[in-house]
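Have a look at the structure below, then the notes.
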Amino acid sequence: MLLTYRALKRRALAKSLRITAPNGIDESSYVRIGGLDQWISVRGEDRSNPVLLELHGGPGASNTIFTPRTRAWERHFTIVRWDMRGAGRTFAAHGPAGQGELTLDRLYADALEVTDHVRARLGVPKVVLLANSFGTVTGLRLARDHPERYSAYVGTDQNIIAGGTDTSGYDALLARLRGAGKRRQLSRLTAMGPDRAAWSPEEWSFYAKTATTTDPLTYDTMKTVVIRSLWFSPLHTLRDLRAYLKGMAFSEQLGPQAMTLDEYAEGTTFHLPVFLFQGAEDVLTPPGPARRFHDQLTAPLKDFALIPDASHFAAFRRPEVFLELLVGRVRPVVTG
């Protein structure tokens, strides 16, 4: 019965994803990026719309599962989704031994190649860079370094690591565990300490899972948004879903690599518009550090917004609110 319902749901979602507009685009394929065939999909109702290139989070968590939830976005933007090395179909095609170098520097270089491929393929001088969660680590660097390639930067679930000086998320998690009487988890996290740069990949993963499952809104989002999107995705078979989860586990090694970064030291001057749209109740990437960074950066235009009734995965829990922000604030800027 469960598999039958899944099949019917996937069929209905697949029908809703059909793009029939005469100037629309719906294509996906492997593209040679950084010496590795990597999966890229391009969808939109009108090729004349601004192009929006996503950098997914996780690490290793492809955004293609959310395509049905963001279907309305494709009426206003051409959406490019890329499964980074270690993620999604890119991971599935090559397996753990075939991913090559898995470092932040390698992802940065890959992202530049993907950007230039998209610009050439779609015939546009610049694209909007939309990064979410772990993708914002690379996204912020790209936006700072390459305003010639990007018309704007949009960060959501924005990481601000600040060289490890901000411990607000860690402190809040300890407080939740104390209040809930979860002594074993509290003991382990206390022993790990607040210095995320010193954590192992396993400890980094344990922190993320504990923060997610101990916050009601985040846990609800995981169940109703992330897991449901995985299970009912019309673009993924059961084998694809197994590979998806294995890719996330494989990519956990990237987590600690980012924990020494200091966005302030790398530079707060940007030569393109910067938008930060954060879940108002995000416990994984709290809005406070993102707001402080926004207030201190300089850019031709900058904007900050809180998304209500949203923790992490804000863009996918409230896709209609996120679209209002994209259409009302970002699109007019990049279209002139």
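One-based numbering along the sequence shown.
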Note, [X] side chain near [Y] side chain (heavy atom, < 4.5 Å):
X: Leu301; Y: Val333; answer: yes
X: His76; Y: Leu326; answer: no
X: Leu297; Y: Val274; answer: yes
X: Leu230; Y: Phe232; answer: no
X: Lys9; Y: Arg6; answer: no
X: Thr156; Y: Leu276; answer: no
X: Val80; Y: Ile40; answer: yes
X: Leu17; Y: Asp26; answer: no

Is it true that a side-chain atom of [X] and a backbone atom of [Y] form a donor plus acceptor pair closer than 3.5 Å?
X: His56; Y: Met84; answer: yes
X: Ser251; Y: Pro59; answer: no
X: His271; Y: Pro300; answer: no
X: Arg10; Y: Ser233; answer: yes
X: Trp199; Y: Phe206; answer: no
X: Thr67; Y: Thr64; answer: yes
X: Gln278; Y: Thr285; answer: yes
X: Asp282; Y: Pro287; answer: no
X: Thr212; Y: Ala208; answer: yes
X: Thr165; Y: Ala162; answer: yes

Can you give each donor-acceptor pair under 3.5 Å made by side-chain atoms of residues 288-296, sequence neighbours left out, with the distance rounded to 0.1 Å?
from: Arg291; atom 1: NE; to: Asp295; atom 2: OD1; distance (Å): 3.3
from: Arg292; atom 1: NH2; to: Asp166; atom 2: OD1; distance (Å): 3.2

Pair Glu45 + Arg75: basic N to acidic O under 4.0 Å: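 The answer is no: the pair does not qualify as a salt bridge.
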
Lys/Arg-Asp/Glu bridge criterion (N-O < 4.0 Å) met for Asp83, Arg89: no

Partners passing side-chain contact (heavy atoms from CB on, under 4.5 Å) against Met259 (at least two apart in sequence or in another chain): Ile161, Arg196, Ala197, Trp204

Residues which pass side-chain contact (heavy atoms from CB on, under 4.5 Å) with Asp145, listed by chain and number, not counting sequence neighbours: Tyr108

Can you list, by chain and residue number, the hydrophobic cluster partners of [X] when the side-chain cut-off is 4.5 Å?
X: Leu8; answer: none
X: Tyr219; answer: none
X: Ile19; answer: none
X: Tyr30; answer: Trp39

Summary of side chain to side chain donor-acceptor pair (under 3.5 Å) pairs that have at least one residue in residues 110-134, sequence neighbours excluded: Glu27-Arg121, Gln38-Asp110, Asn63-Asn132, Arg85-Asp110, Arg106-Asp110, Thr115-Tyr150, Asp116-Arg119, Asp116-Arg149, Ser133-His312

Pairwise salt bridge (Lys or Arg N to Asp or Glu O under 4.0 Å) hits with a residue in residues 204-227, at least two apart: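 For residues 204-227: Asp220-Arg317.
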
Residues forming a side chain to side chain donor-acceptor pair (under 3.5 Å) with Asp171, sequence neighbours excluded: Thr167

Residues forming a side chain to side chain donor-acceptor pair (under 3.5 Å) with Tyr244, sequence neighbours excluded: none

Given Phe275, Phe316, Phe77, Trp73, the one that forms ring pair (Phe, Tyr, Trp, His ring centres under 6.0 Å) with Phe322: Trp73

Partner of Leu53 under side chain to side chain contact (heavy atoms under 4.5 Å, CB included), chosen from Leu130, Val114, Val128, Leu142: Val114

Test applied, side chain to side chain contact (heavy atoms under 4.5 Å, CB included); reference residue, Val137; option that passes from Asn159, Ile160, Leu254: Asn159

Over all heavy atoms of both residues, which pair between [X] and [Y] is shortest? Give the atoms and the distance, please.
X: Ala198; Y: Glu203; answer: O-OE1, 4.1 Å
X: Pro234; Y: Pro68; answer: CD-CG, 3.8 Å
X: Ala305; Y: Leu325; answer: CB-CD2, 3.9 Å
X: Pro332; Y: Val327; answer: CD-O, 3.1 Å
X: Leu217; Y: Ser311; answer: CD2-N, 3.7 Å
X: Ser229; Y: Phe66; answer: OG-CD2, 3.6 Å

Same apolar cluster (I L V M F W Y, side chains within < 4.5 Å links), Leu102/Leu36: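 The answer is no; the residues belong to distinct hydrophobic clusters.
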
Leu235 reachable from Tyr5 in the ILVMFWY side-chain graph, under 4.5 Å edges: no

Crowding at NZ, Lys302 (>12 non-hydrogen neighbours, <6.0 Å): yes

Interatomic spacing from CG in Leu140 to CG in Leu261 - rounded to 0.5 Å: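 It is 10.0 Å, given to the nearest 0.5 Å.
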
CG on Leu241 to CD1 on Ile65, rounded to 0.5 Å: 8.5 Å

Only distances under 3.5 Å count here; give the side-chain donor-acceptor pairs of residues 178-192 to other protein atoms, sequence neighbours excluded, each with its distance to 0.1 Å.
from: Thr190; atom 1: OG1; to: Leu186; atom 2: O; distance (Å): 2.7

Residue pair Arg81 / Thr70, side-chain donor-acceptor N/O under 3.5 Å: yes

Ser41 versus Ser28, side-chain donor and acceptor atoms under 3.5 Å: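 No.
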
Partner of Glu74 under salt bridge (Lys or Arg N to Asp or Glu O under 4.0 Å), chosen from Arg43, Arg18, Arg69: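 The salt bridge (Lys or Arg N to Asp or Glu O under 4.0 Å) with Glu74 is passed solely by Arg43 among Arg43, Arg18, Arg69.
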
Ring centers of Tyr153, Phe270 separated by less than 6.0 Å: no

